Amino acid sequence: AEQDFAEIQNILEHRMNDKIEIIVYTDLTDLKQSNIGSEETFVNTGGQTKIVGNKIFIHFDGNHQNLRRDIRAGVAEAYLNAMLFGSNLQEIVQNAVLMNLPDWFKLGLASYVGEEWSTEVDNQLRDIFIHEQYDSFDKFAEENPKLAGHSMWYFISQNYGKSTVANLLYLTRINRSIESGFLYVLGSTHSKTTESWASYFQQRYEREAEQMKKPEVEAMKVKNRRKIPLSQLKVSPDGKKVVYVSNEIGKYKVYLQDVATGDRQVILKGGYRTPFQATDYNYPLIAWNPNNQQIAIVYEKRDILKYLTYDITNKKSETDELSTQFQRVYSMDFINSTNLVFSAGVRGYSDLYIYKPPSRQTERLTNDFYDDLDPVLVKLRNRKGILFASNRQDTLLVSAKMDTILPVGNFDLFYYDLEERSKKLFRVTDTPLSNERNPMAIDSTWYTYRGDKSGVFNRYSGYLEEVIDYYEQVIL
């Protein structure tokens with residue numbers, strides 16, 4: 001937070017004398033169970049960081065980039081609350097009555113300060129401009145206040161200069177009117193500015209679409225009339241079945257579907273619809289056993305991690321509890337018919353572990369403060385290894401404790417040899433300005449991953465080969 005504090009002050013051109021308290025929880029479940037503050041503290045209105053006075057409530061999801069973004073957004077929102085509504089009760093009540101700001105104004109500005117722009121935000125906005133039609137910015141902002149506000153503040157900073165953000169915020173506060181602020185600072189009314197905003201992004205995405213090429217594949221049909229978010233899609237080893245999760249604001253179902261016929265069945269369901277709290281899309285996690293007959297599912301019930309094995313032949317399942325050392329499992333994959341590799345959080349750090357369900361024993365592969373995510377098994381002829389995403393700077397596996405600087409660098413792909421079990425990783429990609437995530441093995445040579453080096457999420461392919469390094473046979 002210290003390294004971003006001065007930048008946030010410069011963006012908003014505001015100072016605070018009061019101390020800001022940042023409370024970080026190990027995961028989203030712990031955050032939702034907290035009883036600090038009023039009930040409104042944990043109401044989910046767009047997924048923004050939770051604020052009570054000068055207290056900021058955030059959780060760690062295994063990625064320090066997201067943690068830094070949430071801290072910045074929380075500090076910005078605390079600044080905005082003090083700037084727009086005052087710091088004592090009398091000022092808060094008086095300004096709340098006189099200043100009626102729409103949700104997009106504050107939520108979008110906090111999100112913009114947290115991260116000026118990102119591939120994820122750009123991707124969300126592109127999908128809306130291409131696939132959904134809104135009559136006006138106000139209608140769009142009513143349904144998506146955070147995204148609409150973020151894109152508006154970004155548009156203003158790109159077309160009128162970054163200093164305009166603070167000027168617009170100041171005059172809006174003085175005149176207690178958004179319309180007056182837009183007119184005095186931008187020289188146009190709010191409605192004219194929103195029209196320019198729509199034209200700016202429409203032309204931008206149309207130009208991008210001309211340079212893009214859609215994959216020539218046929219989409220798999222999935223019944224989803226209510227457009228419930230779907231995640232964790234995993235294809236069976238023989239390619240004939242898929243398993244995925246639907247999550248309706250907390251109530252989830254795990255479906256097993258036949259690719260050819262489209263027939264599906266529910267193999268697990270749980271949770272409750274909770275529109276007043278943030279939805280946890282991390283669980284359930286799914287992995288196919290290489291034997292093609294079993295599906296492993298990790299889910300959470302009353303803050304206890306469960307490990308379920310479902311047999312697709314006899315349609316029976318067995319459930320056991322995971323080791324209590326795991327605070328959260330972020331992703332997983334089988335390395336053989338018995339054992340799995342986890343990316344899991346232990347004592348606030350995300351590392352790689354080999355988990356052995358029959359004995360509930362674990363073997364730690366990495367032990368440092370870097371983020372190790374998305375592990376998958378890859379094979380090169382008769383050699384097995386783990387391909388994963390990490391923001392580590394070095395390839396040596398040494399125990400390291402965090403100092404005052406968070407590991408907030410971009411993610412590259414690394415390879416860990418399961419045959420040699422050496423203390424050295426092999427860097428597969430090296431792109432300081434972009435992220436590589438979610439690798440997937442295709443065959444004994446090729447793999448794919450998701451990258452954003454073009455500014456748009458795309459699937460890239462790569463291959464592994466054997467080379468000679470210091471007179472030893474290794475894989476790169």
Side-chain angles (χ1 to χ4, degrees), residues 44-48 61 63 65-66 69 73 103-104 107-112 114-159 194-233 242 244-249 252 275 278-282 374 411 434-438 440 448-460:
N44 178 26
T45 54
Q48 74 274 15
D61 65 355
N63 187 339
Q65 288 182 337
N66 295 340
R69 178 200 62 204
D103 289 339
W104 69 261
L107 297 181
L109 183 54
S111 179
Y112 166 78
E115 190 172 28
E116 180 179 358
W117 200 245
S118 67
T119 305
E120 185 175 356
V121 173
D122 192 54
N123 193 59
Q124 292 175 3
L125 192 64
R126 181 186 298 103
D127 287 344
I128 288 177
F129 267 86
I130 293 176
H131 301 294
E132 298 185 32
Q133 297 294 328
Y134 288 97
D135 298 332
S136 64
F137 173 83
D138 293 335
K139 181 65 176 177
F140 170 49
E142 182 180 344
E143 297 185 12
N144 304 274
K146 183 179 177 180
L147 179 60
H150 192 149
S151 62
M152 174 58 76
W153 288 109
Y154 175 75
F155 164 76
I156 291 173
S157 69
Q158 293 296 302
N159 289 271
T194 56
E195 291 176 4
S196 300
W197 164 88
S199 177
Y200 172 81
F201 283 106
Q202 189 68 48
Q203 294 176 11
R204 171 174 172 165
Y205 295 137
E206 286 178 355
R207 289 194 301 267
E208 288 182 356
E210 295 175 356
Q211 303 174 2
M212 294 181 182
K213 182 181 179 180
K214 294 184 178 180
E216 297 178 358
V217 295
E218 183 178 353
M220 187 184 73
K221 295 181 180 180
V222 176
K223 298 178 182 178
N224 190 20
R225 294 180 180 177
R226 293 188 292 168
K227 297 182 178 180
I228 298 173
L230 304 178
S231 61
Q232 295 293 327
L233 175 68
V242 295
Y244 57 89
V245 177
S246 71
N247 193 326
E248 185 180 10
I249 56 175
Y252 62 82
T279 302
D280 188 353
Y281 291 107
N282 183 77
D374 311 325
F411 284 82
S434 62
N435 287 293
E436 288 82 41
R437 294 286 306 274
N438 309 113
M440 293 176 57
T448 68
Y449 61 90
R450 188 187 69 167
D452 63 356
K453 69 178 181 180
S454 66
V456 181
F457 286 128
N458 283 294
R459 272 279 161 188
Y460 298 87

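Treat the numbers as computed from the prediction; the structure is a model and nothing was measured. Positions are given from 1, in the same order as the sequence printed here.
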> So, Asn435 side chain and Asp452 main chain: donor-acceptor pair closer than 3.5 Å or not?
Replying inline: no
> How are the rings of Tyr449 and Tyr460 set to each other: parallel, tilted or perpendicular (split at 30° and 60°)?
Replying inline: parallel
> Does one side chain, of Tyr205 or Asp127, offer a donor that lies under 3.5 Å from an acceptor on the other?
Replying inline: no
>> Parallel, tilted or perpendicular, judged at 30° and 60°: which one describes the rings of Phe140 and Trp197?
In response: parallel
> Just how far is it from atom NE2 of His150 to atom OH of Tyr112, taken to the nearest 0.5 Å?
Replying inline: 8.0 Å
> Can you tell if the side chain of Arg459 reaches within under 4.5 Å of the side chain of Asn438, non-hydrogen atoms only?
Replying inline: yes
>> Does either side chain, that of Glu195 or that of Ser199, offer a donor lying less than 3.5 Å from an acceptor on the other one?
In response: no
>> Would you say that more than 12 heavy atoms from the other residues, nucleotides or ligands in this model lie under 6.0 Å from the CG of Asn224, or not?
In response: yes
>> With a 4.5 Å cut-off on side-chain heavy atoms, are Gln158 and Trp117 touching?
In response: no
> If you take all heavy atoms of Asn282 and Gln232, which pair is closest and at what distance?
Replying inline: O-NE2, 4.1 Å
> Taking atom types as modelled and ignoring hydrogens, do the side chains of Glu143 and Tyr134 form a donor-acceptor contact shorter than 3.5 angstrom?
Replying inline: yes
> Rounded to the nearest 0.5 Å, what separation is found between the CD1 atom of Ile128 and the CD1 atom of Ile130?
Replying inline: 11.0 Å
